[in-house]
Amino acid sequence: QVQLVESGGGLVQPGGSLRLSCAASRIIFINAMGWYRQSPGKEREFVARISSGGYTNYADSVKGRFAIDRDNAKNTVYLQMNSLKPEDTAVYYCNAVPPMNSWGKGTLVTVSA
């Protein structure tokens, strides 16, 4: 069964930090994993990726501010978000890279003063 459960979102002031978590079923987690986000009125976009071996890459808009990592023993992937900006406001999702057809509910991140 494919399961993706994101958590850790919330309201944060500009310049603040949040750490998102995503628990995934094993069938997904053996792949490269990624974080994606969708802002109101926009299409879902790629944020960050981590391979099964720990190689990472990021969208230019978050490079230097966000960090992705994974705990293979827990089938969990994380996204540490620092120096948050209002334009980071979105629903954040995790999935394989490339993504599978099934998505979780996501977790809402709101960056506002």
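Atoms considered below: every heavy atom in the structure, side chains included; atoms not considered: hydrogens, waters and symmetry mates. Numbering of residues begins at 1 and proceeds along the displayed sequence.
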Between N31 and M33 (side chain of the first, backbone of the second, donor and acceptor by atom type, cut-off under 3.5 Å), is there such a pair?
no
Using a 6.0 Å distance limit plus a 45 degree cone around the ring axis, check whether R70 lies over the aromatic ring of Y78.
no
So for atom CD1, which belongs to I27, do other residues, nucleotides or ligands contribute more than 12 heavy atoms lying within a distance under 6.0 Å?
no
Could you go through S17 and N82, starting from their C-alpha distance and side-chain angles, then the distance that decides it, and tell me whether this counts as side-chain hydrogen bond (donor to acceptor under 3.5 Å, both in side chains)?
CA-CA 4 Å; S17 298; N82 301 322; 2.9 Å; yes
Salt bridge present between R37 and E45 (N-O < 4.0 angstrom)
yes
Are R49 and Y58 in a cation-pi contact, defined as NZ or CZ under 6.0 Å from the six-membered ring centre and within 45° of the axis?
no
Heavy atoms, side chains only, cut-off 4.5 Å: are M81 and V62 in contact?
no
Nearest 0.5 Å, what's the CG-CZ distance between N57 and F46?
4.5 Å
Got a salt bridge between K63 and D60, using NZ or NE/NH1/NH2 to carboxylate O under 4.0 Å?
yes
Does the Lys NZ or Arg CZ of R44 fall within the cation-pi geometry relative to Y93 - under 6.0 Å from the ring centre and within 45° of the axis?
yes
Cluster overlap L108 with W103, hydrophobic side-chain contacts below 4.5 Å:
yes
Are any side-chain N or O atoms of E6 and backbone N or O atoms of C94, one a donor and one an acceptor, separated by less than 3.5 Å?
yes
Using a 4.5 Å cut-off on heavy atoms from C-beta on, say whether the side chain of V77 contacts that of D69.
no
Could you check if a side-chain atom of C22 sits within less than 4.5 angstrom of a side-chain atom of W35, using non-hydrogen atoms only?
yes
Do T89 and V109 make a side-chain contact, defined as non-hydrogen atoms from C-beta onward lying under 4.5 Å apart?
no
So do S25 and N75 actually touch side chain to side chain, heavy atoms under 4.5 Å?
no
From N95 atom CG to N101 atom CG, the distance as rounded to the nearest 0.5 Å:
9.0 Å
Among the clusters formed by ILVMFWY side chains lying less than 4.5 Å apart, do Y36 and I50 turn up in the same one?
no
Do the non-hydrogen side-chain atoms of I28 and L4 ever get within less than 4.5 Å of each other?
yes
